[in-house]
Amino acid sequence: MRALIEHMKARRSVRTFDGQIVDEKMKEKLKVFGETIVNPFDIPVSFRFMDAKEKGLSCPVVTGTDLYVGGKIKNVANASAAFGYSFEAFILFAQSLGLGTVWLGGTMNRSAFENAMELEDDEMMPCATPIGYIAPKMSVRENMMRKAVKANERLAFEELFFDNTFDRPLTREKAGDLLTPLEMVRVAPSAVNKQPWRVVVDDNMIHFYLKRSKGFGKEGKLDMQMIDMGIALCHFALASKECDLDMEFVQKAPEILADNMEYVASYKRLF
Ligand SMILES: Cc1cc2nc3c(=O)[nH]c(=O)nc-3n(C[C@H](O)[C@H](O)[C@H](O)COP(=O)(O)O)c2cc1C
């Protein structure tokens, strides 16, 4: 069974929870899993479980849970992509336990979250998520938010994935057995649903680039779209593994003409 792929397909952001408490046993499962997560950049992410009432955390779009999990990481090169990879692995695990989550990078009282995380000078907390049981009906606010960012939609396959050069879109037919891992990149969550990931498949190499959206630069230490790239790498790597495709992570920019794009990393397919 391709369990993780099914969880990637089933996941959606959840902002309306039903009030049911996440018990200690469940929290323990999440904590234990969090400690096992690694990312290809080898930069550890630690997860902290926090009570909103106790720590004064608030998020105007979230209702029905007081449990939040934040992640912290050392602010070093590649930290944002590494964070995206590891935190998404955590989100997918929560999904597999039947819990709802939503990546939060903006709509929260960030300084209260950062205080609660007890960050060292060289650390950052790029994002957090509420965790709880999904309410049967979304709040009006959540519905409005999803409509505003067209949360159910994604760019066309051919707009995201390319065949050897950025001039040639990759068709589903040509993608061959990379089709499922690439489809899993396409369903990934991204900040404001901007989907900044662009991928070039060049023989056995799969190169990931960031195409920044207007107004989405780096804000201080925080780089939401580079986090999106880490999420895409996570979906691609985990889905490839489930499809029995052997991939090796490499970070070496290829000689591909990529105007207005930032190279992030590649996977090399081992035959
Ligand atoms: C890095 C990142 C930051 C995000 N920040 C927020 C946020 O601050 N508030 C929020 O309500 N949703 C946030 N989201 C959720 C996105 O809006 C959501 O993933 C996107 O609209 C796609 O919808 P889906 O997750 O239901 O597929 C964020 C997502 C990512 C990946």
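Read the numbers this way: they start at 1 and go in the same order the structure lists the ligands and their atoms.
Donor-acceptor pairing under 3.5 Å is recorded for the side chains of S213 and Q225. For the residue pair N193/R154, the side-chain donor-acceptor check at 3.5 Å is satisfied. Using modelled atom types and a 3.5 Å distance limit, the side chains of Y263 and S266 yield a donor-acceptor pair. Judged by distance alone, the side chains of Q195 and S190 never bring a donor and an acceptor atom under 3.5 Å apart.
Near R11, with a cut-off below 4.0 Å to any heavy atom, the atoms of ligand 1 are 24 (P), 25 (O), 27 (O). Atom numbering of ligand 1 starts at 1 in the shown order; those under 4.0 Å from a heavy atom of R146 are 26 (O). Distances below 4.0 Å separate heavy atoms of V61 from the following atoms of ligand 1: 11 (O). Taking every non-hydrogen atom of V149 and a distance limit under 4.0 Å, the qualifying atoms of ligand 1 come out as 21 (O). Distances below 4.0 Å separate heavy atoms of A191 from the following atoms of ligand 1: 2 (C), 3 (C), 29 (C), 30 (C), 31 (C).
Scanning the protein for heavy atoms near atom 11 (O) of ligand 1, the closest one is R15 NE, 2.7 Å. In this structure, the protein non-hydrogen atom closest to atom 4 (C) of ligand 1 is W103 O, 3.4 Å. If you check which protein heavy atom lies closest to atom 10 (C) of ligand 1, you get M145 CE, 3.5 Å. Distance from atom 23 (O) of ligand 1 to its nearest protein heavy atom, with residue and atom name: A151 CB, 3.6 Å. From the protein, the heavy atom lying nearest to atom 18 (C) of ligand 1 is S13 OG, 3.5 Å. With hydrogens left out, the protein atom closest to atom 7 (C) of ligand 1 is T107 OG1, 3.4 Å, a heavy atom.
The shortest heavy-atom distance from K150 to ligand 1 is not under 4.0 Å. Residue contact annotation: R154 has a non-hydrogen atom under 4.0 Å from ligand 1.
No side-chain heavy atom of T165 sits under 4.5 Å from any side-chain heavy atom of L257. Using a 4.5 Å heavy-atom threshold, the side chains of V102 and V14 count as separate. A 4.5 Å side-chain heavy-atom check between V264 and M226 finds at least one atom pair inside the cut-off. At least one side-chain heavy atom of F157 sits under 4.5 Å from a side-chain heavy atom of L179. The shortest distance between side-chain heavy atoms of I5 and C243 falls below 4.5 Å. At least one side-chain heavy atom of R186 sits less than 4.5 Å from a side-chain heavy atom of L160. Side-chain contact between L99 and L30 is present, with heavy atoms from C-beta onward closer than 4.5 Å.
Ring centroid separation for the pair F236 and Y267 comes in under the 6.0 Å cut-off.
By the 6.0 Å and 45° rule, K31 stacks over the aromatic ring of F49.
Polar contact check, R12 against ligand 1: no nitrogen or oxygen pair lies under 3.5 Å apart. Checked by distance only, ligand 1 and G105 come closer than 3.5 Å through their nitrogen or oxygen atoms. Considering both main-chain and side-chain atoms, V102 never comes within under 3.5 Å of ligand 1 through any nitrogen or oxygen pair.
Contact annotation: for I231 versus ligand 1, heavy atoms closer than 4.0 Å belong to the side chain alone. Both the backbone and the side chain of L104 come within 4.0 Å of ligand 1, judged by heavy-atom distances. When non-hydrogen atoms are compared, ligand 1 lies under 4.0 Å from the side chain of D228 (C-beta onward) but not from its backbone. At a heavy-atom distance under 4.0 Å, no atom of M108 approaches ligand 1. With a 4.0 Å cut-off on non-hydrogen atoms, Q225 does not touch ligand 1 at all.
Nearest-residue assignment for atom 16 (C) of ligand 1 (options S190, P189, A232; heavy-atom criterion): S190.
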